[in-house]
Novice: 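Pasting in a structure now, in structure tokens, and then I'll have a few things to ask.
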Amino acid sequence: MYRLKYIERWSLMRNTNRESVAEHSFHVALTAHLLCTIANEQFHRGINTDKVVTMALFHDATEVFTGDIPTPVKHHNPRILNNFREIEQLAADRLLEMVPAQLRSVYGPLIGAGQQDPVLKKYVKAADLIDAYLKCTLELATGNREFAEAKRQTEQKMKELQMEEVDYFLNVFLPSFEMTLDEMSKSE
């Protein structure tokens, strides 16, 4: 898992700020924690925050072997997506084989070799999309138009989730991502 720091994201696009899969996983875990907190405190949902955050930390574990396959490549057509899912499963199996046998029941579901609760998985997906959206927003703020279409597509996917927690995040927290630390301090 430590090797995720060597895997670069957004490889098909010019980046003003490079990002590793390890950084991304950390950001997804932070965002997942916040989404679950919003769900539980604002909307009284009873989501298991610890489990979601743990799932988020491991959500791209297979990329240790596959690398970061860009979304447009994965989703180019159903055949490519099915082949990618098979490759991803083989990578998950390979990764799980590296875990001591007595720990596999814990790590299997986290790296994709087992079933995950679809409700909790939706929070990880939402956090993953938010992180992509924030990346696009930050790149666009530097004048990098390369991320304009990715931002639009990611925004559409977030809307399709129909999660009040995501809307809350975007309304309350998103503005701060375009502010400096000094600007955030003044707005309090």
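For clarity, every value in this text was computed on a predicted model and none was experimentally measured.
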Novice: Any chance NZ of Lys74 has more than 12 other-residue heavy atoms, nucleotides or ligands included, within less than 6.0 Å?
Specialist: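 Result for NZ/Lys74: enclosed.
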Novice: If every non-hydrogen atom of Leu4 is compared with every non-hydrogen atom of Ala61, which pair is closest and at what distance?
Specialist: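 Distance-wise, the nearest heavy atoms are CD2-O, 4.3 Å.
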Novice: Identify all side-chain donor-acceptor contacts of residues 128-138 below 3.5 Å with residues at least two apart in sequence or on another chain.
Specialist:
residue, atom, partner, partner atom, Å
Asp128, OD1, His24, NE2, 2.7
Asp128, OD1, His59, NE2, 3.3
Asp131, OD2, His24, ND1, 2.5
Tyr133, OH, Glu155, OE2, 3.4
Lys135, NZ, Asn15, OD1, 3.0
Lys135, NZ, Asn17, O, 2.5
Lys135, NZ, Glu139, OE2, 2.7
Thr137, OG1, Tyr133, O, 2.9

Novice: Do you know the tightest heavy-atom contact between Ala126 and Val166?
Specialist: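 Minimum heavy-atom separation between Ala126 and Val166: CB-CG2, 3.7 Å.
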Novice: Kindly indicate whether the side chain of Tyr123, heavy atoms from C-beta on, has any atom under 4.5 Å from the side chain of Met163.
Specialist: yes
Novice: For the residue pair Gln89 / Asp93, report whether a side-chain donor-acceptor contact shorter than 3.5 Å exists.
Specialist: yes
Novice: Is it the case that more than 12 heavy atoms not belonging to Arg14 sit under 6.0 Å from its CZ atom?
Specialist: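 For Arg14, atom CZ is crowded (more than 12 foreign heavy atoms under 6.0 Å).
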Novice: Taking a hydrophobic cluster as the set of Ile, Leu, Val, Met, Phe, Trp and Tyr residues connected by side-chain heavy atoms closer than 4.5 Å, whether directly or through intermediates, do Tyr2 and Leu57 fall within one such cluster?
Specialist: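 No, because Tyr2 and Leu57 fall into different hydrophobic clusters, even though each may have its own neighbours under 4.5 Å.
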Novice: Are Val106 and Met98 connected in a single hydrophobic cluster, I mean Ile/Leu/Val/Met/Phe/Trp/Tyr linked by side-chain heavy atoms less than 4.5 Å apart?
Specialist: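 Both belong to a single hydrophobic cluster.
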Novice: Checking Phe147 now: which residues fulfil ring pair (Phe, Tyr, Trp, His ring centres under 6.0 Å) with it, not counting sequence neighbours?
Specialist: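 Partners of Phe147 under the ring pair (Phe, Tyr, Trp, His ring centres under 6.0 Å) test: Trp10.
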Novice: Do the side chains of Lys157 and Thr71 get nearer than 4.5 Å, heavy atoms only?
Specialist: yes
Novice: Using residues 169-179 as the side-chain source, report each donor-acceptor pair under 3.5 Å to any protein atom, sequence neighbours left out, with the distance given to one decimal.
Specialist:
residue, atom, partner, partner atom, Å
Asn171, ND2, Asp167, O, 3.1
Ser176, OG, Phe173, O, 2.7

Novice: Just list the side-chain donor-acceptor pairs under 3.5 Å for residues 29-37, sequence neighbours left out, or say none.
Specialist:
residue, atom, partner, partner atom, Å
Thr31, OG1, His27, O, 2.9
Thr37, OG1, His33, O, 2.8

Novice: Might you confirm whether atom CZ of Arg45 has over 12 heavy atoms from other residues, nucleotides or ligands at distances under 6.0 Å?
Specialist: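 Above 12, so yes.
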Novice: Determine, for Glu97 against Arg94, whether the closest basic-nitrogen to carboxylate-oxygen distance falls under 4.0 angstrom.
Specialist: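 Salt bridge flag = no for Arg94 with Glu97.
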Novice: Under the side-chain contact (heavy atoms from CB on, under 4.5 Å) rule, collect the residues that match up with Thr180, sequence neighbours excluded.
Specialist: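 For Thr180 the side-chain contact (heavy atoms from CB on, under 4.5 Å) partners, ignoring immediate neighbours, are Asp182, Glu183.
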Novice: Atom CD in Glu41, atom CD1 in Ile47: separation rounded to 0.5 Å?
Specialist: 12.5 Å
Novice: Going from CD on Glu63 to CD on Glu88, what distance comes out if it is rounded to the nearest 0.5 angstrom?
Specialist: 7.5 Å
Novice: With the 4.5 Å side-chain cut-off for hydrophobic clustering, are Val119 and Ile38 part of the same group?
Specialist: yes
Novice: Tell me, do Thr54 and Leu110 make a side-chain contact under 4.5 Å, heavy atoms counted?
Specialist: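 A side-chain contact exists here, since the closest heavy-atom pair is under 4.5 Å.
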Novice: Can you hop from Val21 to Phe84 via hydrophobic side chains spaced under 4.5 Å?
Specialist: no
Novice: Does any non-hydrogen side-chain atom of Ile87 lie less than 4.5 Å from one of Ile69?
Specialist: no
Novice: In Å, rounded to the nearest 0.5 Å, how long is the span from CD of Glu19 to CZ of Phe26?
Specialist: 12.0 Å
Novice: Distance from Lys122 atom NZ to Gln116 atom CD, nearest 0.5 Å?
Specialist: 15.5 Å
Novice: Could you list the residues that satisfy salt bridge (Lys or Arg N to Asp or Glu O under 4.0 Å) with Glu146, not counting sequence neighbours?
Specialist: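 Per chain and number, Glu146 pairs via salt bridge (Lys or Arg N to Asp or Glu O under 4.0 Å) with no residue.
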Novice: Considering non-hydrogen atoms only, spot the tightest contact between Pro109 and Arg104 and give its length.
Specialist: CD-O, 4.3 Å
Novice: Rounded at 0.5 Å granularity, tell me how far CD1 in Ile111 sits from CG in Leu96.
Specialist: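 Answer for the CD1-CG pair, Ile111 versus Leu96, is 4.5 Å.
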Novice: Closest approach of Asp68 and Glu8, non-hydrogen atoms and distance?
Specialist: CB-O, 3.5 Å
Novice: Hey, any chance Phe58 and Met55 share a hydrophobic cluster, counting ILVMFWY side chains that come within less than 4.5 Å of each other, even indirectly?
Specialist: yes
Novice: Starting at CD of Gln153, measure out to CE of Met158 and round the result to the nearest 0.5 Å.
Specialist: 12.5 Å
Novice: Take atom CD of Glu160 as the centre, draw a 6.0 Å sphere, and report whether it contains more than 12 heavy atoms from other residues, nucleotides or ligands.
Specialist: yes
Novice: If you draw a 6.0 Å radius around NZ in Lys151, do more than 12 non-hydrogen atoms from other residues or ligands fall strictly inside?
Specialist: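 Yes, because the 6.0 Å sphere around NZ of Lys151 holds more than 12 heavy atoms from other groups.
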Novice: Which label fits Tyr168 and Phe43: parallel for a plane angle under 30°, tilted from 30 to 60°, or perpendicular past 60°?
Specialist: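 Correct class here is perpendicular.
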